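Right, one structure below, let's go through it.
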Amino acid sequence: MASLRFFGGVGEIGGNKILLEDGDVRVWFDFGQSFAMGCDYFTGWLRPRSQNGLGDYFEFNLLPKLRGLYAEPLLATTALRYEEPHYDAVFLSHAHFDHAHHIGFLDPSIPIWCGSGTKLFLEAAEETSGYTDYCDHEYRTFRTGDSVEIGPLKVEPVHVDHSIPGSYGFIIHTSKGAVVYTGDFRAHGPKHEMTNEFLGAALNSKPAALVTEGTRMLDRERRRNLSEAQVLAGVKAVIEEADREGKAVFYTHNGRDTDRFMTFYTAAETCERGMVVTPRTAYLLRKLVEDEHLDLPDPMKDDRISVFFRRKRSGEYQESDYYIWERPFLEKMMKALEEMAMAEAEALCGQSGEG
Ligand SMILES: [Zn+2]
C-alpha cells in the first residue's frame, strides 16, 4: 500500500516535508522550513535555542514528533527517545531554505539524495554562515536520466528551471502507480525548456497522484513575470542613464539566483563597467565554478569582478579581521589596490619628469 503524508507545505508557502511510504520503505521528499515557522512565538533575534536541541521546536509544535527520524544529540532535551532511523532516504528538489533547511535535524545516517548543484549550495551555506549545520549526512547526487531504486520505489529526477540551479522534479514509481512531485519550477526562465522536459516526462508517466505547490496557482495572474531578457534590457537602460551622469549603479538580488547574477554581469560587461560583489557571493561563485554545467565567472580570475570588504576594527584591511573563507578574495583585492597605487605613483613620476 503506497501512501503520501504531508508534515509541512500544506496551507502555507514552503516548509515542504512530504513522506511517501510504500510497504516497508519510507522516503521523504524535501525537508524544508516554512517561512512562517514559529512567528507566533519568535521574532527578530528571539529564536529556538540551539543549545536546547529539538526541545523548543517540539514544545511549540514546529517539527513533527516522529520516532527514528532525528539526530540523537538533538533529542537529549526532549521526551522523544532516540531510535535507529525508520526512514530510508531524503530526496531534495533544490537548495532553497523552505525545501531543505531542516535536514540539519535529521539522523545523519539517513542518506540525502540531491543534484550536485544543490550539494554545492548547501556546502557554501554551511561554510559561510557560521550557524548553519546540515549534519554529516551521506550525500548521493543524481542527474537527469538517472533512476534511483530504494526498495520497490524507483525515483526518476528530471531537471526543471527555477531561480536556483540544480532544481529537480521527481517521477516516483510506486506499487500504486506513478507519483509526480514537481518541486518549484518556472516557465518564464532562461532554461524553461528543462521545465518542459520534466512536464513531458511527468505526463508520459500517467501519474496516479500529482504533488505541486499552489502558491502562484491563480485563475488570472496579476503579477508581471519578466523574462531574464526583459530584466537585462531594463538594467542596461538604468546603467546607460547613469553613464550619462557619471554615476555608480547599486543593485541587489537573491544571492542564490545565479541567473539574475548573470543578468547583472552581462549588463556590466555590455556597458563596460566593473561590478562589486559581497564576499559571500564571491565564495558561492567560486564554489559553483566546480560544476561544469554552470557557466559562471570565477571571481578569483575575472578582472571585471571586485569583492567588497568593510574596514574592521583596525581601520586597515588586516587579514586577521576576516573569516578564513573570505581571505583569498581579500588578498586578490589587496593586490589590485597595490597595483593601482603603483600605477598612480608612476603616472605622477612621469608628470613631474615632464615638468
Ligand atoms: Zn524554491
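Here, residue 1 is the first one in the sequence, and each next residue gets the next number. Quantities reported herein were computed from a predicted structural model and do not represent experimental measurements.
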Flag if over 12 foreign heavy atoms under 6.0 Å of CG, D40: yes

F142 and W113 aromatic ring geometry - parallel, tilted or perpendicular at 30°/60° bounds: parallel

Heavy atoms from other residues, nucleotides or ligands near NZ of K65 exceed 12 (cutoff 6.0 Å): yes

Gap separating the CD atom of E138 from the CG atom of D136, nearest 0.5 angstrom: 11.5 Å

Whether Q230 side chain and S227 backbone form a donor-acceptor pair below 3.5 Å: yes

Spacing of R327 atom CZ and M334 atom CE [to the nearest 0.5 Å]: 13.5 Å

Side-chain (E245) to main-chain (A242) donor-acceptor, under 3.5 angstrom: no

Sequence-distant partners of E72, side chain to side chain contact (heavy atoms under 4.5 Å, CB included), two or more places apart: Y82

Y87 vs L106, side chain to side chain contact (heavy atoms under 4.5 Å, CB included): CA-CA, chis, key distance, verdict: CA-CA 10 Å; Y87 303 91; L106 300 179; over 6 Å; no

Evaluation steps, side chain to side chain contact (heavy atoms under 4.5 Å, CB included), between V276 and Y251: CA-CA 10 Å; V276 184; Y251 70 100; 5.9 Å; no

Whether H94 and H96 hold their rings parallel, tilted or perpendicular, with breakpoints at 30° and 60°: perpendicular

Heavy atoms from other residues, nucleotides or ligands near NZ of K312 exceed 12 (cutoff 6.0 Å): yes

Atom pair CG/CG of L232 and L226 - distance to nearest 0.5 Å: 12.0 Å

Working for side chain to side chain contact (heavy atoms under 4.5 Å, CB included), residues S205 and V180: CA-CA 8 Å; S205 74; V180 168; 3.8 Å; yes

Heavy-atom pair with the smallest gap, counting every atom of A178 and I171: CB-CG2, 4.4 Å

R81 and E83 ion-paired at < 4.0 Å: yes

Of Y57, W28, F31, the residue whose pairing with F105 passes ring pair (Phe, Tyr, Trp, His ring centres under 6.0 Å): Y57

Linked, directly or transitively: L284 and L330 (ILVMFWY side chains, under 4.5 Å): yes

Nearest non-hydrogen partners of Y168 and H159, listed with the distance: CD2-N, 3.5 Å

Pairing of E149 and K154 as salt bridge, 4.0 angstrom limit: no

Non-hydrogen atoms of L69 and I110 that approach each other most closely: O-CD1, 3.6 Å

Pairing of R143 and D291 as salt bridge, 4.0 angstrom limit: yes

Side-chain donor or acceptor of D88 paired with backbone N/O of V25 under 3.5 Å: no

Straight-line distance of Y181 OH to E213 CD, nearest 0.5 Å: 6.0 Å

Pair K119 + E123: basic N to acidic O under 4.0 Å: yes

Same apolar cluster: L288 and F264, side chain cutoff 4.5 Å: yes

Within one Ile-Leu-Val-Met-Phe-Trp-Tyr cluster: L92 and V211, side-chain cutoff 4.5 Å: no

Heavy-atom pair with the smallest gap, counting every atom of P297 and L285: O-CB, 4.0 Å

E272, CD: over 12 other non-hydrogen atoms inside 6.0 angstrom: no

Closest heavy-atom pair and its distance - T278, V307: C-CG1, 4.0 Å

Salt-bridge contact R186-D259 (side-chain N to carboxylate O under 4.0 Å): yes

Over 12 foreign heavy atoms within 6.0 Å of CD, E193: yes

Residue I324 excluded, over 12 heavy atoms near CD1 under 6.0 Å: no

Ring-ring centroid check F91 F170, cutoff 6.0 Å: yes

T128 side chain to R280 backbone, donor-acceptor under 3.5 Å: no

ILVMFWY network linking F308 to Y323, side-chain heavy atoms under 4.5 angstrom: no

Y322: partners by ring pair (Phe, Tyr, Trp, His ring centres under 6.0 Å), with sequence neighbours left out: F309

Rounded distance [0.5 Å steps], NE2 in H137 versus OH in Y139: 5.5 Å

Closest non-hydrogen atom pair between Y283 and E127, with its separation: OH-OE1, 2.5 Å

Joint hydrophobic cluster, L54 plus V90, side-chain heavy atoms closer than 4.5 Å: yes

Any residue meeting salt bridge (charged side-chain N to carboxylate O under 4.0 Å, His left out) with E197, in chain and number order, not counting sequence neighbours: none

Aromatic plane relationship, F60 with Y41 - under 30° parallel, 30 to 60° tilted, over 60° perpendicular: tilted

Salt bridge R286-D298, side-chain N to carboxylate O under 4.0 Å: yes

Spacing of L20 atom CG and I150 atom CD1 [to the nearest 0.5 Å]: 11.0 Å

